[in-house]
Amino acid sequence: MPWYQRMWNWIKDFFLNNWSQIIIFFCVLIFGIILIKVILALLNKTFKKSQRVNATARHFFIGVIKAVLYIVYIIALLSLLGIPTTSMIALLSAFALAISLALQDTISNLASGVVLIFTKPFSEGDYIELSGGAAGTVTRITMFNTHLRTPSNQVVIIPNRTAVSCNTTNYSIEGTRRLEIPLSVAYGTDVEKVKNVGLAVATAHEKVLSDPAPMARLNNHGSSSLDFILRVWVKKDDYWDVYFDLKEQVVAAFNENGIEIPFNQLDLHVKEEVVVKELNKAVADKKAETETADTTEAQVEKPKKRSKKS
């Protein structure tokens, strides 16, 4: 009997003898996936209604529960195929131990994700800056990574253990932020006039808060300018709008009030006596060089005349 016929007979006998188990297997295969998706949808809906669970924790817990459900689902399928689950679980435990040793960083990221969920140094929607230099709006916190979206619409994926270990600056926790605008004017400008003009621009802006009140003070004596600082308080969502508005409006106000915005310059002071001495020294050196050259030429010409007479 050819080998393909023997294989066909084996397949036919297998399906005839185990048709009930095969039907159950495919039912579990299909309805198991549907059941998992229904459970995850119900949990997601329940978490959304709960005020104690924010979006960050919801995504994290849904991811963990999904992984557990699929592991149970795979074990159930293996048991239907007649594979001993006891030995399989023991094998999986040994395999999990080996994997845990090989994937220490991944497990560390998982543990750090749990820390982020419960300590809540930041949540989805917060704008943060890490000590490593990464900055952006938190879009998602998964089991292993934290996703940031930069102002230039780039996605930065940071391991959770890095997000936990780094110093984090959260710009979204507080409702207000202090905004500082540097102002530079030329030396000789009236200090009080600069302060009054800067405060007038700040108080006229509708998004600048009156409490705390705006402040303008002389901050530094620069090499080419007097440097002032204009400090105002704004709502966190208005920060960049007010920043660019004040930058433009201050320039216009300075031009209207005749306040000069300086550029880098160097003042050179020359003393007349020093210049005269240097000129006299240069003339004397030049004269000495000329006399030395004439003497040398005369000494060279005398031997030539003597040789002609001889």
Side-chain angles (χ1 to χ4, degrees), residues 40 43-44 47-48 50-68 70 99-184 205 207-209 212 219-220 227 229-248 250:
L40 293 177
L43 289 174
N44 191 27
F47 286 152
K48 284 183 178 180
S50 177
Q51 297 180 351
R52 297 182 179 180
V53 181
N54 57 18
T56 303
R58 185 178 74 250
H59 292 315
F60 184 83
F61 287 132
I62 290 295
V64 174
I65 294 172
K66 181 179 180 180
V68 173
Y70 272 105
I99 291 295
S100 64
L101 295 176
L103 301 176
Q104 294 181 6
D105 292 341
T106 302
I107 296 174
S108 176
N109 288 330
L110 178 61
S112 298
V114 176
V115 173
L116 290 176
I117 294 302
F118 285 100
T119 59
K120 297 180 181 179
F122 51 82
S123 301
E124 292 183 6
D126 291 350
Y127 186 88
I128 64 172
E129 181 178 358
L130 302 179
S131 57
T137 302
V138 181
T139 58
R140 188 172 53 166
I141 300 176
T142 64
M143 290 191 297
F144 304 108
N145 301 307
T146 297
H147 296 243
L148 302 181
R149 186 176 300 279
T150 66
S152 58
N153 204 30
Q154 296 172 324
V155 176
V156 181
I157 301 175
I158 301 172
N160 284 337
R161 64 190 183 95
T162 302
V164 170
S165 60
C166 287
N167 295 329
T168 304
T169 303
N170 193 329
Y171 293 95
S172 301
I173 292 180
E174 301 295 336
T176 59
R177 290 183 61 185
R178 190 180 73 180
L179 172 61
E180 295 187 355
I181 303 293
L183 309 175
S184 297
H205 200 288
K207 293 183 179 180
V208 172
L209 301 178
N219 186 47
N220 183 40
D227 299 327
I229 193 74
L230 176 63
R231 289 176 176 171
V232 300
W233 286 84
V234 298
K235 294 181 179 180
K236 63 180 182 181
D237 296 332
D238 298 332
Y239 183 89
W240 289 111
D241 291 337
V242 177
Y243 176 84
F244 292 114
D245 287 347
L246 292 184
K247 282 278 191 179
E248 297 171 357
V250 164

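Position 1 is the first residue of the sequence; numbering continues from there.
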request  = Would you please test V138 and L148 for side-chain contact (heavy atoms from CB on, under 4.5 Å) and show each step?
outcome  = CA-CA 5 Å; V138 181; L148 302 181; 3.6 Å; yes
task = Apply side-chain contact (heavy atoms from CB on, under 4.5 Å) to the pair T139 and V155, showing each step before the final yes or no.
result = CA-CA 9 Å; T139 58; V155 176; 5.6 Å; no
request  = Can you measure from OG (S112) to CG (N160) and round to the nearest 0.5 angstrom?
outcome  = 6.0 Å
message = Please check this pair: side chain of N170 against backbone of P121, looking for a donor-acceptor N/O pair closer than 3.5 Å.
response = yes
inquiry  = To check you understand the geometry: which heavy-atom pair defines the closest contact between S184 and D227, and what is its length?
reply    = OG-OD1, 2.9 Å
ask   = Atom OG1 in T162, atom CD1 in I157: separation rounded to 0.5 Å?
value = 12.5 Å
task = To the nearest 0.5 angstrom, please state how far the OG1 atom of T168 sits from the CD1 atom of I158.
result = 8.5 Å
ask   = Out of curiosity, K207 NZ to L179 CG, how far, rounded to the nearest 0.5 Å?
value = 12.5 Å
For residues 229-242, which side-chain donor-acceptor pairs fall under 3.5 Å, sequence neighbours excluded?
from	atom 1	to	atom 2	distance (Å)
R231	NE	E180	OE2	3.0
R231	NH2	E180	OE2	3.4
K236	NZ	S172	O	2.7

CG-CZ distance between L209 and R177, expressed to the nearest 0.5 angstrom = 13.0 Å
query = Quick one: ring-ring contact (aromatic ring centres under 6.0 Å, His included) pairs with a partner in residues 127-182, sequence neighbours left out?
reply = Y127-Y171
Distance in Å, L43 CG paired with I65 CD1, rounded so as to fall on 0.5 Å steps = 5.0 Å
